[in-house]
Amino acid sequence: MTDNLVQLLPDAIANQIAAGEVIQRPASVVKELVENAVDAGADEINLIVKDAGKTLIQVTDNGCGMSETDARMSLERHATSKLRTAEDLFTLHTMGFRGEALASIVAIAQVEMKTRRATDELGTRLVIEGSEVITQEPAAAPPGTSLSVRNLFYNVPARRNFLKSDSVELRHIREEYIRIALAHPSIRFDLHVNDRLDLSLTAGNLRQRIIAVFGKKYRDLLVPIEEATDVLSIGGYVGKPEAARKSKVGQFFFINDRYIRSSYLHHAVTMAYDELLSKDSYPFYVIFLEIDPARIDVNVHPTKQEIKFEDERLIYNYLKATIRHGLGRASIMPTIDFEADNPFSPSRTSLQPNVSPLDSDEALPSKMNRETPHTPSGGSEAGRHASNLRNWEKLYDNLSVEVDTDTGEVLQSRMGREDENDSPPAQGRAPYQLHQRYIVSAIKSGWLLVDQQAAHERILYENFLTTLREKPAASQASLFPQTLDLAHADADLMSSLLPELNQLGFDLEAFGGGSFIVRGIPAELAGRNNELELLEKLLQQYKNNLDLSSDGHERLARTLARTAAIKRGTALDDTEMRSLIDRLFACGQPRVAPNGKRCYVKYELEEVERLFQGQ
Ligand code: ADP
Ligand code: MG
């Protein structure tokens, strides 16, 4: 979305569009409101939901409250008391910082706010519907703030229709609620669902909070972990191996008290348990990392769960060592070779020189070294370091992790990949197209038969996903802007997808009355596709693909890949075929298309040989 668009559109619509980013479902409202209550310094927070939040979400806190002016201001877009300058981003300790949440929520629901500062005699009551202030009046109220959000998405039917069943939406709400409750054990939390007390969490320490949330059996299953250096400290609990489960419940990372998903760090934890866990089980953990905010980029994604940090590997190694140490101390892993796992050995030169505290041997708490039960047999100190280094590098270079994009969990991870051997030699013979459907490409041991459509879908999918999560894509301007006219429901859907589509490299602008101006499409798709047709098919596919995944980005990337991929019956020239194959094998998961269809089949010369020798 261009800045111009926001200026042209009435605020209410701009807010509705922005709301699509911040508020995806009732659980997003819960997250934003409860985090605001935490930021307001409350020590008691009460959450009430009805019909999985579709009818009512109410959050009441005993925090600082707001003056009448602040209450009114808090509903404006980019109104926030938490960020004054760009630099403040780096010293951030509150949860919210964009000032978008309340403005988004009031754009798509019927909201009542009551708030009072302890020092004021009277509080304020505000009623807002679709961004319009209906009532603003002084009112008696207890100190703190209470926000009721009714009939979420009442004015965005496309969104409302996409909501899942009550049980699914309620599960998302509980997840968000539990994440925040785990991060703030000193706050009392009560959750009421349809007038019934669902979960009551009294103030306490982290251990008590975990037991209150997950059950008494965790009393004997928690192993504390704790290590600290100047720039990074790690604390929390990991489960004993008995606490591991076959399903993905009970994995929590918090960075500076902010819940994050990280398949990368999850992998570090799994590696720390090593053979203590069966391959298909997930360890329990609630892990807090404190990192200098100057070293984390917290402004990556509007829902703020995907955080980027520098020196990922360093954190990976440190986390793994810390957990091993914790498990070792709890005598669960009696003979760990810490030395071999020491990621901080001086020979690791790949780290940036200015991260000295972690870079040196001193960074590793000396007790870790002391507890080393034995040194690896044979080889000099230097030789061992060298081989450790090789091992670590091997580990990272071949790290292949498949992630469930909905939950951020690792579905499958392997060291090294079979597909590496499948990759065709870069300067091999020219590929050959078969029936305008498959590409034949020679590899060392035989040849590959690549399904051009499946391969292209995989390539586009990974491309789009990266674009949505990390960086906006280049747009290729059309020669003439075109107008796309849509029926009401489709127009709503289109509006809700606009920010993401524009991030993907479309250049679209809402024109009102179901019309959209199409100025360009992703450079990646230009040439081969008719703009209007592509968009219409995309909407169609999107509506058909609803239950593929609950992750909006993934669904969109999948759908667009599906829509835009070259189809069977398309003739490809040499360059196109080569590029397709190169890009396929540069993918994280080249073997299958996002819909699970194989991208290629491998033929071994040996097998063919055998065929000929047969009869
Ligand atoms: P952000 O949290 O990113 O600042 P929000 O839209 O969530 O943006 O909130 C806007 C502002 O409203 C906050 O910065 C804060 O000043 C005020 N606010 C919101 N909720 C509360 C609350 N429960 N108690 C006190 N102030 C609040
Ligand atoms: Mg907020």
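In each ligand, atom 1 is the first atom listed, and ligand 1 is the first ligand listed.
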Is there a polar contact, in the sense of an N or O pair closer than 3.5 Å, between [X] and ligand 1?
{"X": "Asn36", "value": "yes"}
{"X": "Asp39", "value": "no"}
{"X": "Leu147", "value": "no"}
{"X": "Ala101", "value": "yes"}

### Query
Does ligand 1 have a heavy atom under 4.0 Å from the side chain of Thr145, from its backbone, from both, or from neither?
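Side chain only.
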
### Query
What part of Ala40, side chain from CB on, backbone N/CA/C/O, both or neither, has a heavy atom under 4.0 Å from ligand 1?
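Side chain only.
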
### Query
Taking everything shown except Lys114 itself, do over 12 heavy atoms lie less than 6.0 Å from its NZ?
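Atom NZ in Lys114 is not crowded, with 12 or fewer foreign heavy atoms closer than 6.0 Å.
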
Would you confirm whether the ring centroid of [Y] sits within less than 6.0 angstrom of the ring centroid of [X]?
{"X": "Phe253", "Y": "His266", "answer": "no"}
{"X": "Tyr316", "Y": "Tyr264", "answer": "yes"}
{"X": "Tyr237", "Y": "Tyr218", "answer": "no"}
{"X": "Phe284", "Y": "Phe214", "answer": "yes"}

### Task
List the steps, then state whether side chain to side chain donor-acceptor pair (under 3.5 Å) holds for Asn502 with Asp507.
CA-CA 5 Å; Asn502 283 334; Asp507 187 348; 5.6 Å; no

#### Entry: Close-contact set for ligand 1 against Leu102 heavy atoms, below 4.0 Å
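Per the distance check, 5 (P), 6 (O), 9 (O), 12 (O), 19 (C).
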
### Query
With respect to atom 21 (C) of ligand 1, which of Glu35, Met66, Glu76, Glu32 exhibits the smallest heavy-atom separation?
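Looking at heavy atoms only, the winner is Met66.
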
